[in-house]
Amino acid sequence: MAVPEPLVIETMVVRHLRLALRVPFVTAGGAQVQRDVIIVEAHGPGGEPVGYGEAPVLSEPTYNEETVATAWHVLNDFFVPRVLAARLDHPRAVHRRLARFHGHAMAKAAIEGAVWDLWARLAGLPLSRLLGGPAQRVSAGAVVGLTEDTASLLRRVEAQLARGYRRIKLKIVPGRDVALVQAVRETFGPVALAVDANAAYRLEDLPALQRLDDFGLQMIEQPLPWDDLLGHARVQAQLTTPVCLDESVQTVAHARQALELGSGRMFNLKAGRLGGLTAALAIHELCRARDVPVWCGGLLETGIGRAHNVALAALPGFALPGDLAPPGEYLVEDVVEPALVLDEEGFIPVPQGPGIGVAVRRDRLEACTVRQQVHRA
Ligand code: MG
């Protein structure tokens with residue numbers, strides 16, 4: 001197979017999937033026992049091969065402004081009609097075509113991701129190679145959420161270390177931070193340890209963040225609200241621990257501003273949050289030129305989204321373990337095969353087949369589909 005010049009996609013499908021979670025996903029709004037996401041399919045000439053992209057939206061607008069419903073709306077009503085039947089000279093052309101629309105990064109990432117996957121499959125290349133990533137396996141870290149008590153937190157950390165994960169990241173909130181980190185350090189010694197505040201702190205909480213400086217953390221991720229790059233610069237200036245930005249960086253411009261302001265010393269890159277792989281690649285280049293490390297975050301993706309993340313993490317600037325746990329850890333049943341796996345040294349092998357390198361099980365995909373909209377040129 002080869003990539004036609006230009007590539008014209010005549011069929012795209014938008015699917016709303018619902019998958020069962022192994023353990024409830026607890027948010028302020030309650031416990032979710034299912035994971036709803038949007039998948040975009042881009043069909044090749046004559047229908048084959050099919051490229052897949054994922055919008056890792058949440059059901060509520062708590063991570064960013066998007067939800068399953070907003071992604072469904074903007075993809076079907078604006079984004080797919082803008083890309084369908086267009087003459088594409090490269091997957092980056094999708095990013096250019098969607099640039100006139102504000103926001104809705106995850107929905108944009110889904111359609112761009114589907115075209116990147118299709119392009120790589122047509123070219124017979126692993127997506128990681130098409131992106132420029134030489135790594136054969138990528139380093140994985142585990143995320144441990146807030147628990148009822150410290151004893152259960154320590155049990156979870158122990159279990160993840162036993163699995164081989166190469167870094168443990170604890171979720172923290174004001175009042176449940178220093179004591180948790182101290183307990184983990186005292187129990188497990190100098191393991192690679194980080195914390196993620198998911199924007200729960202304010203500038204006046206600086207003393208608590210400064211106390212975390214004593215524990216040799218790899219990073220303090222996103223202490224302040226997403227729109228406070230200046231506040232993050234003030235916090236970083238008062239800390240020896242690197243601040244890592246996640247929610248704050250939604251565009252390449254945000255990354256440039258954060259670097260200029262000194263708002264952090266590393267970035268968590270998520271193609272979903274950034275509107276697709278084109279923007280993620282641009283920030284990766286920006287950071288490499290300045291020796292700023294990046295790593296790959298996660299949003300409870302299906303195997304489709306997670307395989308995209310693994311391909312991205314194969315790029316040379318991804319210097320720290322990513323939140324790349326295999327979907328089998330949180331989904332009862334995934335839609336891809338073979339499943340992504342963690343090796344005994346805490347790495348995920350980068351699939352070497354064409355595209356995202358895993359096959360989508362069409363029977364599983366159909367079984368998980370709540371609704372779909374087929375677009376034909
Ligand atoms: Mg985060």
Side-chain angles (χ1 to χ4, degrees), residues 25-28 35 37 54-58 60-66 105-106 109 138-147 153 156-157 160 165-174 176-177 180-181 192-202 205 209 212 217-229 231-232 235-236 239 241-251 254-255 258 263-275 279-280 283-284 287 292-301 305-306 308-310 312-313 318-325 329-330:
F25 182 56
V26 183
T27 69
R35 180 79 176 100
V37 296
E54 178 165 339
V57 279
L58 303 185
E60 299 180 340
T62 48
Y63 175 77
N64 66 1
E65 79 287 359
E66 299 180 83
M106 292 179 181
V138 295
S139 175
V143 183
V144 177
L146 286 164
T147 53
L153 178 87
R156 284 219 215 161
V157 171
Q160 302 292 33
Y165 282 106
R166 302 181 67 79
R167 175 270 279 147
I168 299 293
K169 187 172 94 176
L170 307 176
K171 294 284 189 181
I172 57 166
V173 291
R176 300 176 72 189
D177 42 33
L180 296 184
V181 172
L193 191 61
V195 294
D196 184 1
N198 286 110
Y201 290 74
R202 299 296 175 268
D205 298 317
L209 298 172
L212 291 172
L217 297 175
Q218 206 170 62
M219 77 193 89
I220 299 175
E221 187 177 342
Q222 196 66 40
L224 303 182
W226 72 272
D227 59 351
D228 197 0
L229 288 178
H232 278 101
V235 166
Q236 180 66 91
L239 295 176
T241 309
V243 168
C244 174
L245 295 178
D246 177 354
E247 287 91 331
S248 281
V249 177
Q250 303 186 2
T251 64
H254 289 163
S263 308
R265 296 195 195 126
M266 57 181 69
F267 295 119
N268 166 346
L269 296 192
K270 293 172 178 165
R273 191 192 69 230
L274 295 164
I283 297 177
H284 170 261
C287 289
V292 171
V294 299
W295 56 276
C296 187
L299 288 159
L300 294 182
E301 293 88 357
R306 201 46 65 109
H308 275 270
N309 293 356
V310 167
L312 178 64
F318 285 74
L320 295 163
D323 293 340
L324 295 167
E329 311 247 316
Y330 48 88

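Ligands are counted one by one from 1 in listed order, and the atoms in each one are counted from 1 as well. Note that these values count all heavy atoms, side chains included, but never hydrogens, waters or copies made by symmetry. The model shown is predicted, which means the values in this text are computed figures rather than measured ones.
- Judged by distance alone, the side chains of N268 and E221 do bring a donor and an acceptor atom under 3.5 Å apart.
- Cation-pi geometry between R167 and W295 is satisfied (NZ or CZ under 6.0 Å from the ring centre, within 45° of the ring normal).
- Applying the salt bridge (charged side-chain N to carboxylate O under 4.0 Å, His left out) criterion to R35, with sequence neighbours excluded, gives no partner residue.
- For the Mg ion (ligand 1), the nearest N, O or S atom contributed by D196 is named OD2.
- The distance from the Mg ion (ligand 1) to the nearest N/O/S atom of E247 is not under 2.8 Å.
- When the Mg ion (ligand 1) is compared with the N/O/S atoms of D246, atom OD2 turns out nearest.
- In summary, E221 places an N/O/S atom under 2.8 Å from the Mg ion (ligand 1), meeting the contact criterion.
- Residues satisfying the side-chain hydrogen bond (donor to acceptor under 3.5 Å, both in side chains) test with D177, not counting sequence neighbours, are Y201.
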